[in-house]
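Comments concern the structure below.
Nothing fancy with the numbering, it's 1 onward along the sequence. All values below come from the heavy atoms of this structure, side chains included, with hydrogens, waters and symmetry mates left out. Keep in mind the model is a prediction, meaning the values are calculated, not measured.
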Amino acid sequence: MFKEYNLNKPSKNGNNSGNAFCSEGICRISEVTSETKNISLNDLRDNIENEFNYHNFPRGLSLVDVKNKKIIKDIETILESTYLKNFFEFLENETQCGPISLLPLQENIMRNYFSGPQYGKHGWHRDASKEYQYAYCKKIMNTKKYIYGKISIALQPNSEKGGNIDIIPQSFSPNDKWPKRVRVMQFLSDSILKYKYGRTINPFKRSDWLIDSFYGILKPRKVSPKPLEIISFDHRIEHRGSPQTPKSWSNLKQKFPDIKIEKQRLIPVNKSLEKYNKYIIYFHFGCAIGLSSSFYARTRLEGWQKEKSILMNQLNNLNIFQKIFPNSRTIFSNALKMIDEEN
């Protein structure tokens, strides 16, 4: 397990979080507030596990599909944060990018989503990777007005069991530059993983965490906010779902001998790690200009129309976007108009 990343101390006016986000690409927005202290973490986790069971254990859940209204109410309570709204306002004033708001995401609740270095899958990536391919996106990324990223709320600490994300701090650049050291390391590790050693099993694909040794050169850090705290990270920072440590994985295998990691998911998908289940709540956030950069890249993907339908369904049917963050629909609409004009 890596050393812990030193997240900023939040300030209610949003200044500390906003400055950290702009300079570091990641920040802690809020601590556990008096309102969120009234949320029973154990009950929320149990309710989410039952919800995944009801839906036959998908990779993630969109909030519009969640049947248990208590889950939605708890999430609304967390998001009705003065810290969060002031964080948005600080970024608006700092960057002059226009209104910033919470935005929909296809899968709002993720369950047991881990990287798998024990199976030769390092998991490192950046969410903006497709945007680097297009001049339209790169032009926006080179301005202060590219404000786009994820809001994250974990329901467990980031212990040796892997409860949050890892990041590579030096990978963040507030422009269209993808640091060369990170790209070279990714190329080398991916090339080694693809290499065929005749009839011999590629040693980097065995259950021994060897592939993590490459990225260790870049000094990764684990992100470890308290459960129910809000953090955010820019789409241009290299990160991954924190895996279990070798010792922790060995202990889990003794208790659950049939488990493994495939495509960042715990398999079998219906397997419960009980108190070690990992749940994280995600949303996007940003301004219309930043969102348009993401849309420009995503409209070129095969599944865009389905994704767009899910996002619009959330905007039109969730109280979060109807009342708590009413600017979201306008930002979404303006971003789509920008893309239509560009195309």
Side-chain angles (χ1 to χ4, degrees), residues 28-33 35-79 81 84 102 104-116 123 127 150-167 222-233 239-245 248-249 252 255-256 259 261-284 310 314 318 320:
R28 175 166 29 209
I29 295 174
S30 77
E31 299 172 328
V32 177
T33 64
E35 291 80 9
T36 53
K37 282 180 180 177
N38 294 324
I39 295 173
S40 169
L41 182 61
N42 288 337
D43 287 351
L44 179 55
R45 288 173 55 86
D46 288 344
N47 288 338
I48 287 176
E49 181 65 14
N50 291 335
E51 192 73 28
F52 270 89
N53 186 15
Y54 176 83
H55 292 278
N56 199 25
F57 297 98
R59 188 182 78 157
L61 286 171
S62 168
L63 274 195
V64 292
D65 296 326
V66 171
K67 305 302 181 184
N68 188 326
K69 301 305 179 186
K70 185 64 169 65
I71 295 174
I72 296 176
K73 184 60 181 175
D74 284 345
I75 293 174
E76 288 177 350
T77 298
I78 298 168
L79 294 174
S81 165
L84 180 58
L102 200 75
L105 181 64
Q106 282 193 84
E107 295 170 319
N108 302 117
I109 309 176
M110 304 296 291
R111 173 187 182 271
N112 288 343
Y113 196 67
F114 302 99
S115 298
D127 294 335
K150 278 196 174 83
I151 294 291
S152 167
I153 304 155
L155 304 186
Q156 61 283 314
N158 198 2
S159 68
E160 70 280 356
K161 303 297 182 185
N164 209 294
I165 63 170
D166 299 332
I167 63 167
K222 69 170 183 173
V223 179
S224 192
K226 294 178 182 177
L228 301 181
E229 289 186 337
I230 304 174
I231 68 167
S232 71
F233 54 95
H239 65 284
R240 70 173 182 180
S242 301
Q244 295 92 348
T245 63
S248 173
W249 182 249
L252 284 174
K255 187 172 183 180
F256 310 106
I259 61 172
I261 304 294
E262 284 186 3
K263 297 181 179 179
Q264 318 296 318
R265 296 185 68 189
L266 184 78
I267 304 294
V269 295
N270 63 348
K271 176 66 69 176
S272 172
L273 300 181
E274 300 163 359
K275 65 180 180 179
Y276 301 123
N277 279 336
K278 175 183 178 181
Y279 308 103
I280 300 187
I281 299 162
Y282 285 114
F283 288 90
H284 276 136
I310 293 171
Q314 290 184 16
L318 290 178
I320 290 170

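Partners of K255 according to the salt bridge (Lys or Arg N to Asp or Glu O under 4.0 Å) rule, which considers only residues two or more places apart in sequence or in another chain, are E274. Applying the side-chain contact (heavy atoms from CB on, under 4.5 Å) rule to E262 yields the partners K260, I267; only residues at least two apart in sequence or on another chain are considered. With sequence neighbours excluded, no residue forms a side-chain hydrogen bond (donor to acceptor under 3.5 Å, both in side chains) with N47.
Atom OH of Y113 sits in a crowded spot, with more than 12 heavy atoms from other residues, nucleotides or ligands closer than 6.0 Å.
Between the side chain of N112 and the main chain of K278, a donor-acceptor pair closer than 3.5 Å is present. Checking side-chain atoms of K70 against main-chain N and O of L44 turns up no donor-acceptor pair under 3.5 Å. In this structure, the side chain of N53 does not engage the main chain of E49 through any donor-acceptor pair within 3.5 Å. With T36 contributing its side chain and T33 its backbone, the two residues share a donor-acceptor pair below 3.5 Å.
To the nearest 0.5 Å, the span separating NZ on K275 from CD on Q156 amounts to 13.5 Å. Note that the CZ atom of F233 and the CD1 atom of I167 stand 9.5 Å from one another [nearest 0.5 Å]. Here the NE2 atom belonging to H239 is positioned 10.5 Å from the CG atom belonging to D166, to the nearest 0.5 angstrom. Summarising the geometry, atom CG belonging to D74 is positioned 8.5 Å from atom CD1 belonging to I71; distances are rounded to the nearest 0.5 Å. Atom OG of S232 is separated from atom CG of L102 by 11.0 Å, given to the nearest 0.5 angstrom. Rounding to the nearest 0.5 Å places CD1 of I48 at 10.5 Å from CG of N277.
Applying the salt bridge (Lys or Arg N to Asp or Glu O under 4.0 Å) test to residues at least two apart or on different chains, the pairs with a partner in residues 150-163 are D127-K150.
Just one residue in the list I109, I281, I39, I280 forms a side-chain contact (heavy atoms from CB on, under 4.5 Å) with L155, and that residue is I281.
For the pair N158 and S242, the tightest heavy-atom approach, listed with the atom from each and the gap, is ND2-OG, 3.0 Å. Here the shortest heavy-atom pairing between I320 and F283 reads CD1-CZ, 3.9 Å. Nearest heavy atoms, P243 versus S115: CB-O, 3.5 Å. Nearest heavy-atom pair, I259 versus L273, reported as atom, atom and distance to 0.1 Å: CD1-CD2, 4.5 Å. What you find for R111 and S272 is that their closest heavy atoms are NH2-CA, 3.7 Å.
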For residues 55-65, please give each side-chain donor-acceptor pair under 3.5 Å, one per line with the distance, not counting sequence neighbours.
unit_1, atom_1, unit_2, atom_2, d
H55, NE2, E51, OE2, 3.0
H55, NE2, D65, O, 3.0
R59, NE, E107, OE1, 3.0
R59, NE, E107, OE2, 3.4
R59, NH2, E107, OE1, 2.5
S62, OG, Q314, NE2, 2.9

Under 3.5 Å, which donor-acceptor pairs do the side chains of residues 223-231 form with other protein atoms, sequence neighbours left out?
unit_1, atom_1, unit_2, atom_2, d
E229, OE1, R28, NH1, 3.1
E229, OE1, K226, N, 3.0

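Taking the side chain as every heavy atom from C-beta outward, N108 and V66 never approach each other to under 4.5 Å.
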- [ ] Kindly indicate, with the supporting measurements, whether the criterion side-chain contact (heavy atoms from CB on, under 4.5 Å) is fulfilled by I75 and I153.
- [x] CA-CA 9 Å; I75 293 174; I153 304 155; 5.5 Å; no
